Every structure is written in C-alpha cells, then in structure tokens.
2 protein chains.
Amino acid sequence: MTEELEKLPLGDIETLTGSLAQRVYAVLREAILHMRCPPGTVLRKGQICEQLGVSRSPVAEAIAKLSAEGLVDVVPQSATRVSRFSMSVIREATFLREALELAAVERVAQTITEEQLVALTRNLKLQRLLVEDGDHAGFFEADEDFHNMIMAFTGYQGVTRTLAGVSLQLSRARILLLPSSDRAQESLREHEEVLEALRRRDAETARSAMRFHLGQLISRIEPLEHVHSDFFVAQ
Amino acid sequence: MTEELEKLPLGDIETLTGSLAQRVYAVLREAILHMRCPPGTVLRKGQICEQLGVSRSPVAEAIAKLSAEGLVDVVPQSATRVSRFSMSVIREATFLREALELAAVERVAQTITEEQLVALTRNLKLQRLLVEDGDHAGFFEADEDFHNMIMAFTGYQGVTRTLAGVSLQLSRARILLLPSSDRAQESLREHEEVLEALRRRDAETARSAMRFHLGQLISRIEPLEHVHSDFFVAQ
DNA sequence: CTAAACATACTAACATGTTAGTTGACACAT
DNA sequence: ATGTGTCAACTAACATGTTAGTATGTTTAG
C-alpha cells in the first residue's frame with residue numbers, strides 16, 4: 001500500500017489580497033463552490049496549513065466562517081467535511097432567493113434609469129452571443145451578472161451580498177447543471193421578458209416574469225438528487 | 001487621575017453551553033443587542049479574555065463572527081468597536097425584512113392549519129393583555145414571537161434564522177424605541193388584521209396588511225438619527 | 001465467533017508566545 | 001502657533017505549544 005498523500009485542489013494564496021485568514025477563506029470557498037472539493041471531502045487543518053504555508057490560526061478562522069455559511073460541517077474534536085447538499089436546504093434557499101429577487105425587481109421597475117436599461121440590454125446582447133457560440137460557462141456568468149445587476153439597481157449595496165449568502169448552496173448545485181445546459185435558449189428568452197417589463201416600468205409583470213424564470217431552476221435541480229446521490233445527504 | 005478600569009457589562013459565561021467560542025460570542029452579542037455596550041464602545045481582546053477567564057483564541061473567533069454580522073467594526077492591527085447605526089444599512093435591512101416577511105405571509109396564507117391559527121390567536125390574546133398592563137418589554141417579545149411564528153409556519157427551518165441575521169441591526173435599533181412605546185395599541189390592531197386575512201386564507205390581503213404594518217417601523221426609526229446622533233455614523 | 005473494553009493515534013479546541021502594523025504623544029523645525 | 005517627523009506603547013494578527021475529545025483497531029471475555 002503506497003501512502004497516497006492526496007493534495008487538495010486549492011488555488012494559490014499568493015494572488016490574493018487581504019489578511020491571511022481572508023485569503024485562506026477565499027481559496028477554500030472557491031474550491032468548494034466550484035466542486036473541486038466535492039461534498040464529503042475531508043478537510044484537515046494540518047494539511048491545509050502545510051499546503052498553503054500558513055499556521056493554524058488563519059485556517060481556523062476561515063473554517064469557522066465557512067461553517068457559519070453551511071459550506072462545511074465541523075464534527076467537534078474530530079473532522080471537518082465539505083457539506084453535502086440537502087434538498088430541504090435547497091428548497092429553502094429557493095424560497096429566500098425568490099423572495100429577494102421578486103422584491104428587487106418590483107422596486108427596480110419603479111426606479112430604473114435609462115442608463116440601467118442600456119446596461120441590461122447590453123448584457124442580454126452578450127447572452128445571445130454566448131448562446132449562439134454554445135459557450136455554457138460564459139452564459140452561466142452572464143446570467144449571474146444579469147441577476148446581480150438588478151439587485152444592484154435597488155440601490156442597496158448589501159442586498160446583492162445577502163442574496164449571495166442566502167443562495168450559496170443554490171449556486172453550488174447549479175454547477176452540476178452546467179454540462180446539460182440546453183436550457184440557455186429558454187433562459188435567455190425569460191430574461192428578455194423581464195427586461196421588457198422593466199422597460200415599460202411594469203412592476204407586476206416584471207415580478208411574474210421573474211417568478212416564472214426562477215421557478216424553472218428548482219425543477220431542474222430536483223432530479224439531481226438521484227443522479228448525484230453521493231453528493232446529497234441521506235434522507 | 002485614578003486609573004479607571006471600566007469593566008464591560010458582560011453576562012456570565014458559565015450559564016451557557018457549547019464551545020467556549022460560542023459562549024463568548026453569545027455573551028458579546030447579547031450585550032451589544034441590548035445596548036449595554038452602546039455603539040462606539042471599544043472592545044479589547046485582552047480585557048475580554050481577562051474578564052471572562054478565557055484565552056484569546058475563542059475571543060478571536062467570536063469577534064470574527066460578530067464582524068461578519070456587522071455588529072462590530074475591526075480596525076486592523078488597532079481596535080475593535082461596537083458598530084454604530086447607519087441609516088442606509090437600516091433602510092437596507094428594512095427592505096430585506098419586508099421581502100422575506102411578505103413572501104412568508106403569502107405562502108403561509110395558502111398552507112396554514114387550524115392548530116397554527118389557534119397558536120397565533122393565543123399569541124394575540126397575550127399581546128392584548130400585555131398592552132392593557134402597559135408591559136412594553138413583554139409586548140416587544142410577544143410581537144417578535146408573532147412574526148417568528150409566521151416565519152416558522154413556512155415550514156422552512158432556516159428562514160427564521162436568516163431573517164434574524166438580516167434584521168439584526170433593525171432589532172438593535174428597535175430597542176431604542178422601547179421607552180416611547182405608545183404604538184403597541186396600533187401595532188396590535190395591525191397584527192389582528194394580518195391574522196384575520198390568514199383566517200380567510202387571503203394571501204393578497206395578508207400581504208398588504210403585513211406590508212402596511214412593517215412600513216410603520218422605519219418611519220419611527222428615522223427620527224432617532226437626530227435624537228441619538230452619537231449612535232449613528234457621521235453621514 | 002461475537003461483542004465489549006481498552007489502548008492508541010489523530011483531530012479540533014484552547015492557551016500562549018511572537019510579530020508587525022497603527023495610533024497618539026512629544027519634540028523639533030518652520 | 002502650527003505642521004511634521006520620530007518614537008514608544010498598544011493592539012490585532014499570526015505562529016506554535018498543549019489539552020481533551022473522538023474514532024478506530026486490537027485484544028480479550030463471553
């Protein structure tokens with residue numbers, strides 16, 4: 001038996017700024033969200049320290065933060081694991097995300113400026129190009145940008161951040177959907193309907209268009225529980 | 001000059017459970033939320049360690065958590081202060097709270113059971129008694145219970161927790177309103193209207209009744225910026 | 001052969017020593 | 001009197017030593 005010392009697939013800490021603890025947090029979070037550390041992976045403090053070349057203090061702080069966000073499960077005195085998906089947590093996140101995005105789009109419909117409409121229009125043009133090129137990953141990003149822009153247009157700086165925190169698990173699960181992204185076309189169409197309603201300052205229609213659009217995600221995530229059953233908690 | 005060694009008004013750590021870090025966090029958080037450590041108070045790690053009889057590690061972890069929640073501001077290498085109120089943060093929290101509570105009440109209107117209606121009715125009876133007794137603090141609690149019960153009735157366990165995190169600053173500011181709580185009467189009336197709509201399973205009316213009710217708070221908080229200007233950040 | 005008890009190795013949690021950045025006071029030049 | 005530079009004291013951030021709880025593998029009793 002060769003003692004296989006598996007290295008964790010972590011990014012480089014040198015390229016980041018901020019305190020050591022923040023950088024360690026960013027590296028771990030990125031690896032978890034992009035599924036390079038799949039659910040169930042055991043994270044050992046000692047190993048992380050060695051690999052990143054830092055001491056245990058900043059690592060402990062980073063893990064505490066990840067634990068608060070629900071990205072890792074800490075078993076006291078024993079082990080730390082990347083948390084598995086839980087359908088109930090995902091359904092909850094869906095509810096929260098819908099609540100926030102609907103409130104945002106309703107408000108933005110009443111306050112949106114010409115410049116903001118131009119920016120959204122430009123983003124949708126980009127989305128169209130990416131769909132035509134079949135660039136799934138690119139579309140994924142532009143899609144997130146579209147939603148984030150609307151959140152930002154509420155004028156509340158922290159709302160985007162709150163949404164990000166709330167729907168962390170959702171974003172993580174979304175990555176699993178990337179390979180089968182034939183939905184981009186429809187998604188684009190739904191985005192256009194939201195924008196169309198915003199152009200007309202029609203809050204009610206914007207709301208229902210967004211509600212329909214967001215409703216598509218959960219029905220695409222639910223089958224994953226069986227496809228990737230090892231990523232989900234036992235029920 | 002007598003060297004005044006001001007003790008922080010912290011609760012006792014012995015009475016709590018969980019890891020040391022969790023207990024330290026709970027003690028600090030409680031002192032901040034109840035304004036025993038008013039905004040601007042300087043928290044020194046060394047002092048906290050000495051007073052609670054713990055080492056710096058758990059204190060550091062606790063402060064990191066409070067910092068993430070925005071209850072304290074850490075100035076790197078220098079000092080940690082209890083954060084001051086910021087009207088823009090409060091307005092943001094108001095927006096988020098409204099988004100979540102409206103979504104919740106809308107959903108609950110469609111799913112509420114008889115037992116849940118009974119529980120809410122009982123809570124409102126209690127509220128009425130407390131108003132008649134002029135027990136402001138008691139009403140404050142029953143009021144929070146009412147809202148939390150509705151959140152809990154969504155069936156999403158984490159939603160109540162998320163709301164609590166989101167409207168932390170709001171709760172803190174609400175404490176300042178306690179002395180002048182002649183609004184309890186009206187507040188009770190508004191609660192009754194929400195419950196009435198829930199009884200009829202009328203989601204739309206429940207939503208607008210809740211929206212009206214929540215809208216009252218921000219207009220009562222805004223004047224505080226001038227009354228307690230030392231608790232707010234300079235604008 | 002099975003199950004329980006014990007020993008061992010390993011981990012997170014906690015305590016404490018060390019480093020480096022910030023602040024504020026005071027001296028000094030303008 | 002005022003603005004600037006230096007320095008000392010203090011703080012959070014980081015590193016490392018220590019403790020205690022958990023899991024696992026082995027041994028031993030039934």
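All values reported here derive from a predicted model rather than from experimental measurement. Here is the naming used below: chain letters follow the sequence lines, and residue numbers restart at 1 for every chain.
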Less than 4.0 Å between a side-chain N and a carboxylate O, is that true for B:Glu50 and B:Lys45?
no
Looking at B:Arg183 and B:Asp143, does any basic side-chain N land under 4.0 Å from a carboxylate oxygen?
no
What is the per-nucleotide protein-contact pattern of nucleotides 8-13 of chain D, from the 5' end, where B denotes a base atom under 4.0 Å from a protein heavy atom, S denotes such proximity for sugar-phosphate atoms only, and - denotes neither?
---BBS
Tell me: CD of B:Glu50 to P of C:dA15, nearest whole Å?
14 Å
B:Arg211/A:Glu106 salt bridge by N-O under 4.0 Å criterion
yes
Donor-acceptor pair, distance only, cut-off 3.5 Å: does the side chain of A:Ser67 make one with the backbone of A:Ile63?
no
Whether B:Ser55 contacts C:dA15 is assessed here as follows: a side-chain N or O lying under 4.0 Å from the phosphate OP1 or OP2. Is that the case?
yes
OG (B:Ser187) and CG (B:Leu217) are apart, to the nearest 0.5 Å, by 9.0 Å
Can you measure B:Leu52 atom CG to C:dC14 atom C1' for me and round it to whole angstrom units?
15 Å
